[in-house]
Amino acid sequence: MMQENVTPLVGKTYSLYGGGPTTEPYYDLVARLVDAALRRRPGEERLLAYLRRLDGPGLPGRGSLKRILPAELLARGNPLARYTPGVRQHLRSLSLRQIFDRRLRTREAQYHRYMLEIELVNRLHRDRFRESRPRLALLPHCLRDFSRTCQAASDGFDYVCKRCSKACRIRGLSELLLKHEVQPYIWMEADFKKHHRSLREEGRNLGILGIACLPELVWGMRQCMKAGIPVVGLPLDANRCARWMGEFHDNSVNLDRLERLLR
């Protein structure tokens, strides 16, 4: 499947287009950086644990990619900075109430670590996810067609797309996911931890695929891992929902990369 043809999107804090016409260079760069980091700190689980420790308080210079990547890759500056052009201005604009929202106050260095973390988690869990049954995808409602009223309805677990609009990206995502035997849901109310416990009692293993903005996706992946659920995911191409921008704007995700993750 070719990547969906969309106008390059700019989010409140990040854009995986990085000023270019597609998001493909972003994914290639992150994969190369993770490969380089693994040569310096071998072991995917070990590197993942180290990345997460860099979020801890009291660590001098915490978050610097110099702790993770070889110096030659940083000689011309941080290669991930092109994807996070709006973070500093966003942080300066936060209200007192917004400052208490951990995702909204994500720092630029955290964004860069999150990019590497998602790639690592996908490498660690991809095979287990593919072997899991059932496999569920939790999709963000910001990929809906906002030109019409969404007809999605709950099936008792969460909301399911009714394919009411050909322009809806959730419709296209749902069709792709179903082709790969992954049940898609628009995540509104699902208690996946409770569902996971119930399935384990039946001798079945739940797998989760998530699509969300970078901070939300990392948070969700960490919650799944704490529950022992194999999880993979892709970030939205930008963060453009009402939480970040005050109102909803069209958004997208790289369908080519999603299919690579599934097949």
All side chain to side chain donor-acceptor pair (under 3.5 Å) counterparts of Ser93, not counting sequence neighbours:
none
Side chain proximity check, Tyr14 to Tyr111, heavy atoms < 4.5 angstrom:
yes
Within the side chain of Arg169, is there an N or O that forms a donor-acceptor pair under 3.5 Å with the backbone of Asn251?
yes
Is there a donor-acceptor pair under 3.5 Å between the side chain of Glu131 and the backbone N or O of Arg128?
no
So that I know where these two stand, are His141 and Trp187 an aromatic pair - ring centroids less than 6.0 Å apart?
no
Atom CZ of Arg76: over 12 foreign heavy atoms under 6.0 Å:
no
Does the side chain of Leu143 come within less than 4.5 Å of Leu173's, by heavy atoms?
yes
Euclidean distance, Thr23 OG1 relative to Leu29 CG, rounded to 0.5 Å:
12.5 Å
Donor-acceptor pair, side chain of Arg130 and main chain of Arg263, under 3.5 angstrom
yes
Arg240 to Phe248 six-membered ring, cation-pi geometry met (6.0 Å, 45°)
no
Close side-chain approach of Met225 to Leu48, heavy-atom, < 4.5 Å:
yes
Just by distance, do the side chain of Arg163 and the backbone of Ser174 share a donor-acceptor pair under 3.5 Å?
no
Report yes if the side chains of Leu33 and Ile68 come closer than 4.5 Å at any heavy-atom pair, otherwise no.
no
Which of Pro140, Cys213, Cys142 passes side chain to side chain contact (heavy atoms under 4.5 Å, CB included) with Cys241? It is Cys142
Looking only at the side chains, is there a donor atom on one of Asn205 and Ser132 sitting less than 3.5 Å from an acceptor on the other?
no
Mind checking the OG-CG spacing from Ser15 to Leu9? Nearest 0.5 Å is all I need.
6.5 Å
Using the test ring pair (Phe, Tyr, Trp, His ring centres under 6.0 Å), find all partners of Tyr185 that sit at least two apart in sequence or belong to another chain.
Phe157
Can you tell me if Thr22 and Tyr17 form a side-chain donor-acceptor pair at under 3.5 Å?
no
Tell me whether the count of non-hydrogen atoms from other residues, nucleotides or ligands lying under 6.0 Å of CZ in Arg88 goes above 12.
no
Nearest 0.5 Å please: distance from the CG atom of Leu54 over to the CG atom of Leu116.
10.5 Å
Please indicate whether Glu72 has more than 12 foreign heavy atoms, meaning atoms of other residues, nucleotides or ligands, lying under 6.0 Å from its CD.
yes
Can a salt bridge be assigned to the pair Arg171 and Glu175 using a cut-off of 4.0 Å between side-chain N and carboxylate O?
yes
Can any side-chain N or O of Arg32 pair as donor or acceptor with the backbone N or O of Tyr27 at less than 3.5 Å?
no
I'd like to know if Asp28 pairs up with Arg257 as an ion pair, taking the criterion as any Lys NZ or Arg NE/NH1/NH2 lying under 4.0 Å from an Asp or Glu carboxylate oxygen.
yes
Judged by atom type as modelled, is there a donor-acceptor pair below 3.5 Å linking the side chain of Gln151 to the main-chain atoms of Thr149?
yes
Give me the one residue out of Leu16, Val218, Asn254 that meets side chain to side chain contact (heavy atoms under 4.5 Å, CB included) with Pro235.
Leu16
Before giving the answer on side-chain hydrogen bond (donor to acceptor under 3.5 Å, both in side chains), spell out for Asn239 and Thr13 the whole-Å C-alpha distance, their side-chain angles and the decisive distance to 0.1 Å.
CA-CA 7 Å; Asn239 55 341; Thr13 59; 2.8 Å; yes
Please report the interatomic distance OG1(Thr84) to CZ(Arg107), rounded to the nearest 0.5 Å.
13.0 Å
Any sub-3.5 Å donor-acceptor pair from His125's side-chain atoms to Val231's backbone N or O?
yes
Can any side-chain N or O of Arg82 pair as donor or acceptor with the backbone N or O of Gly18 at less than 3.5 Å?
no
Just so I know, are the side chains of Asn78 and Leu65 near enough to count as touching, which here means a heavy-atom distance under 4.5 Å?
yes
Start with the C-alpha gap between Gln183 and Arg135, add the side-chain angles, then the distance that decides, and say whether side chain to side chain contact (heavy atoms under 4.5 Å, CB included) holds.
CA-CA 6 Å; Gln183 176 62 50; Arg135 296 180 295 178; over 6 Å; no
Side-chain heavy atoms under 4.5 angstrom apart, residues restricted to Ile, Leu, Val, Met, Phe, Trp, Tyr: same cluster for Ile208 and Leu178?
no
First locate atom CZ of Arg113, then atom CG of Leu120, and finally report the distance between them rounded to the nearest 0.5 Å.
13.5 Å
Measure the shortest side-chain to side-chain distance between Pro85 and Val10 over non-hydrogen atoms and say whether it is less than 4.5 angstrom.
no
When you compare the side chain of Leu209 with that of Leu258, does any pair of heavy atoms fall below 4.5 Å?
yes
Is any side-chain heavy atom of Leu217 closer than 4.5 Å to one of Leu236?
no
Closest approach of Leu214 and Tyr114, non-hydrogen atoms and distance?
O-CD1, 4.4 Å
CE of Met221 to CG of Leu124, rounded to nearest 0.5 Å, is 10.0 Å
